[in-house]
There are 2 protein chains.
Amino acid sequence: MLSKTAEYALRAVIYIAQKGTEDSKLGIREIAEGIDSPPSFTAKILQSLTRNNKVVSSVRGPNGGFYLSDKARKLPVRAVLEAVNEEGLFSACLLGLKECSEARPCPMHQQFAPIRKQLKQVFDNTTIQQLVNEGNKGRFFLSH
Amino acid sequence: MLSKTAEYALRAVIYIAQKGTEDSKLGIREIAEGIDSPPSFTAKILQSLTRNNKVVSSVRGPNGGFYLSDKARKLPVRAVLEAVNEEGLFSACLLGLKECSEARPCPMHQQFAPIRKQLKQVFDNTTIQQLVNEGNKGRFFLSH
DNA sequence: CTAATTAAGGATATTCATATCTTTTATTTC
DNA sequence: GAAATAAAAGATATGAATATCCTTAATTAG
């Protein structure tokens, strides 16, 4: 469904938003451990999230690390997928056909259209903060 | 969303059902050309569809090739994904978490559950023949 | 200013999906 | 039975996603 990159990105952002603040930032090791992901690879992904888009904030040096601004917490979850170029999910043809469109629909288009629409809605209308609240209910990620 | 393997599998099955019959089977080259896919790779995928599952029928030798039995045409589209081991789509956690379940939902679980359910319904309740009928409306694949 | 810390960046390695090629087997036609 | 045809099967190659490592730059504390 999603690439590993997108999965780690989402998990990392939720984790950082959940456990980090501007005063108490999270290091890459803690994040990777918390979301059970490879540290170096996760670091690369976080670079995309701090650069391209402005989802995650970071500071180098002692007491440095990653955190999410209040503004970032209000971003739609979709912003995370944007940052890692995973937006094909919302537009690509299910059968992988270039020509597929509303005007020239592939055999699965009509059936799939409403699903894609819902998918879009979820990622557009859910904020990162909302996911954090969800996550806190289930206390999903490792704390330590 | 889907792997290339799954995309080619779906396209191939629809194409074969659309243009082939037991009396007039389709060769791998025609299929690959028709659905715009690499011939050898498509051949491998069709092997999965003739073996593991019994979606596609095949005959070797002169006038041999691939076709779909009437029975196969009534199979749910899901059977194609089964044959190529792409069923994770219906069960895997969106965030890639092993522990995720109704009892212990990840932060996106509640939002994603109805989408996954719909996805499942589409693949379960749509038959291959229905897709062929859809496809015939739009005459999507190359004919020659 | 120096040393320590931590993310950023660049280069490289590994793995798996994707893709190709060759040989074998089954089937048909003559 | 021999030759031709076409899929099955096996071996191998390629490429992109995944993953690691090493160096650089920024920041802080002393």
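The sequence lines fix the lettering, A, B, ..., with proteins before strands; numbering per chain opens at 1.
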First encountered from the 5' end of DNA chain D, between Thr5(A) and Ile31(B): Ile31(B)

Side-chain donor/acceptor contact of Gln47(B) with base of dA7(D) under 3.5 Å: no

Whole-Å gap separating P (dA26(D)) and CD1 (Ile28(A)): 20 Å

Separation of dT18(C) P from Ile35(B) CD1 (nearest whole Å): 14 Å

Proximity to the side chain of Pro62(B) - top-ranked nucleotide from dT18(D), dA26(D), dT28(C): dT28(C)

Presence of donor-acceptor pair under 3.5 Å, side chain of Arg60(B) and base of dA8(D): no

Side-chain donor or acceptor of Gln130(B) paired with backbone N/O of Thr127(B) under 3.5 Å: yes

Check: Met108(A) main-chain N/O paired with Glu134(B) side-chain donor or acceptor under 3.5 Å: no

Nucleotide of dT27(D), dA8(D), dT20(C) approaching Phe66(B) most closely (side-chain heavy atoms): dA8(D)

Axial cation check for Phe90(B) ring with Arg78(B), 6.0 Å and 45° limits: yes

From dA7(C), dA8(D), dT20(D), nucleotide with atom closest to Ser58(A) side chain: dA7(C)

Minimum heavy-atom distance between Arg116(A) and Leu89(A), given as atom pair plus value: CD-O, 3.8 Å

Residue met sooner reading DNA chain D from 5', once Pro38(A) and Ala43(B) are mapped to nucleotides: Ala43(B)

Per Lys44(A) side chain, nearest of listed nucleotides dA9(D), dG10(C), dA25(D): dG10(C)

Result of checking Val122(A), Leu2(A), Leu119(A) against Leu94(B) for side-chain contact (heavy atoms from CB on, under 4.5 Å): Leu2(A)

Atom-to-atom span, CG of Leu46(B) to P of dA19(C) - whole angstrom: 14 Å

Contact under 4.0 Å: Thr50(A) side-chain N or O vs dA8(C) OP1/OP2: yes

Nearest to side-chain heavy atoms of Arg29(B), which nucleotide of dA8(D), dT20(C), dA6(D): dA6(D)

Interatomic distance where NZ belongs to Lys4(A) and P belongs to dC16(C) [whole Å]: 11 Å

Length of the CZ-P vector between Arg51(B) and dA8(D), whole Å: 8 Å

Closest nucleotide among dA19(D), dC21(C), dT29(C) to the Phe41(A) side chain: dA19(D)

OP1 or OP2 of dT18(D) under 4.0 Å from side-chain N/O of Tyr8(A): no

Whole-Å gap separating P (dA9(D)) and CD1 (Ile45(B)): 15 Å

Distance, rounded to the nearest Å, where Glu30(A) contributes CD and dT6(C) contributes P: 12 Å

Gap between atoms CG and P, on Asn63(A) and dA29(D) respectively (whole Å): 6 Å

